[in-house]
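Here the structure comes first, spelled out in structure tokens, and everything after it is commentary.
Quick note on labels: first sequence line is chain A, next is B, and so on, each numbered from 1. As a basis for the values below, the full set of heavy atoms in this structure was taken, side chains included, without hydrogen atoms, waters or symmetry mates.
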2 protein chains.
Amino acid sequence: MPGLVHVVDDDDSFRTAIARRLKLAGYDVATYASAQDLLDAAPDDARPACILLDVRIPGLSGPDLQTRLIASGSTLPIIFLTGHADTPTTVQAIKAGAEDFLTKPISSEQLIDAIERALARHDTARAQRGRLESFRAHLATLTQRERQVFDLIVRGRINKQIAHELGTSERTVKAHRHQVMDKMQVHSLAELVSIAERLGIIDANDR
Amino acid sequence: MPGLVHVVDDDDSFRTAIARRLKLAGYDVATYASAQDLLDAAPDDARPACILLDVRIPGLSGPDLQTRLIASGSTLPIIFLTGHADTPTTVQAIKAGAEDFLTKPISSEQLIDAIERALARHDTARAQRGRLESFRAHLATLTQRERQVFDLIVRGRINKQIAHELGTSERTVKAHRHQVMDKMQVHSLAELVSIAERLGIIDANDR
DNA sequence: TCTGATATTGTCCTTTGGGGCAGTCACATC
DNA sequence: GATGTGACTGCCCCAAAGGACAATATCAGA
């Protein structure tokens, strides 16, 4: 499946021109006249895609849209494109994770380079997010008690200590522990700790 | 201890002027006429510090110096300062991890804001690096065999499997395992896995 | 009121991990 | 040749974890 490029620009003639160039290069293209149009379309993360975004557009600005998308949890990489770049905006956009910041006019070669990088990054980001999402989903099925036990397990406590800290018996902890391993779909403590670490559950300074 | 600002700029009058302003603001200042001068001085990571760096200087350019410093493992945050900013350079510098990219003339307020951010980031980066360095140092004391056992332990293998994979006995694995726990100075499998995860030793797709 | 989810606990047994004690073997260094 | 280090291993014992089977208690809903 070809990559999908979401083009957001208020200039009709620019949109059609860039869309033609990108389609020629083998990409699927979706165009939007405003940031709000793209938000309304709610592009999915399901396929390799990126956003080609003008900085100065009526209504929500490019950076505004970037902020909204990040807040909504999107991992779509953004390539900014602008006629006139000012340094603070550039710095801010890149710091916020934009894939690139290009100035018009732009050569097809440069543009396609940037798009390829963006699509590649989206791929890895999606894969990574997919794994984490799956872990988080499992984690969400834990009951309160199971979650407490989970937290103590991955911090290296033994059942006896956990039982004491939770004011219950060692046998009960074993039962919860079993549930945790089952629900998280892991077969070893090592896997469980790996996952907890990747989800940022383990504080570096708590031992 | 006040923050230390390394100022790299080939313009004598600018260096002295900026040094005066920074000292007034309560910082320690070291000045360098060229990138090479700073490399020769080999500033240490031991105290809160940052680099205020002109992009265009004779010899090694600002971005060149940035590349060298990153390659050498420095965690000193870099604030670029330039008379004329071009977009590709700005993008590249920020992507490479520069703390900020400012244009001359710069207000003291903006400058000090940037320096404060840089110093704060340096602090956390140093703390984090310190912890990792300590883990790495412990890891380096493991013998080949212990390291093999370590790798298998943190991937969730049980002693029996490790013994089989290494073609040795379970008792021997236990002995190595003991050495590993001892040398890494941890008291639980969970801690060991945490460390391995933070050092990037566990591949996400190996289970 | 009956049901399902959650939390709790017991007994019994097996597997796994941890470690003391003791000893062999190879290899390098002094 | 003595010494030291790393790798290897057996026997024995204890602690911790895992799981089978069984059971009680609470509470929210249907």
*Using a 4.0 Å heavy-atom cut-off across all strands, classify B/Thr172 as base, sugar-phosphate, or nothing.*
base
*Looking only at side-chain N and O atoms, does A/Asn159 come under 4.0 Å of OP1 or OP2 in D/dA16?*
no
Item checked: Cation-pi, A/Phe14 ring and A/Lys104 (6.0 angstrom, 45 degrees) -> yes
*Assess whether atom CZ of B/Arg56 is packed by more than 12 heavy atoms of other residues, nucleotides or ligands within 6.0 Å.*
no
From CD1 of A/Ile162 across to C1' of D/dA17 the rounded distance in Å is 11 Å
### Query
Ion pair present between A/Arg117 and A/Asp100, side-chain N to carboxylate O less than 4.0 angstrom?
yes
In whole angstroms, the gap separating P of C/dG17 from CG of A/Leu189 amounts to 11 Å
Rounded to whole Å, the NE2-C1' distance (A/His176 to C/dT6) equals 8 Å
note: B/His164, atom NE2; C/dT16, atom P; distance rounded to Å ~ 14 Å
| Does A/Asp45 come within less than 4.0 Å of A/Arg129, counting only side-chain N to carboxylate O? | yes
The contact string for nucleotides 19-30 of chain C, one letter per nucleotide 5' to 3', using protein heavy atoms under 4.0 Å with B, S and - for base, sugar-phosphate only and none, comes out as BBB---------
In whole angstroms, the gap separating P of D/dG18 from CD of A/Gln179 amounts to 13 Å
Practice item. Inspect the contact between A/Asp151 and A/Arg147 and indicate whether a charged nitrogen and a carboxylate oxygen are less than 4.0 angstrom apart. Key: yes
Side-chain touch B/Ile162/B/His176, heavy atoms, less than 4.5 angstrom | no
Rounded to whole Å, CD of B/Gln144 lies from C1' of D/dA7 at a distance of 12 Å
note: A/Glu170, atom CD; C/dT11, atom P; distance rounded to Å ~ 13 Å
Whole-Å distance, A/His187 NE2 to C/dT15 C1', equals 17 Å
- request: Taking the side chain as every heavy atom from C-beta outward, state whether B/Cys50 and B/Ile115 have any atom pair closer than 4.5 Å.
  value: yes
- Query: Do any side-chain nitrogens or oxygens of A/Lys160 fall under 4.0 Å of OP1 or OP2 in D/dA16?
  - Reply: yes
Side-chain contact check for B/Ser169: nearest option of D/dG10, C/dG10, D/dA7 is D/dG10
Looking only at D/dA7, C/dT9, C/dG17, the nucleotide nearest the B/Arg177 side chain is C/dG17
> Does a side-chain N or O from B/Thr168 land closer than 4.0 Å to OP1 or OP2 of D/dA7, or not?
Replying inline: no
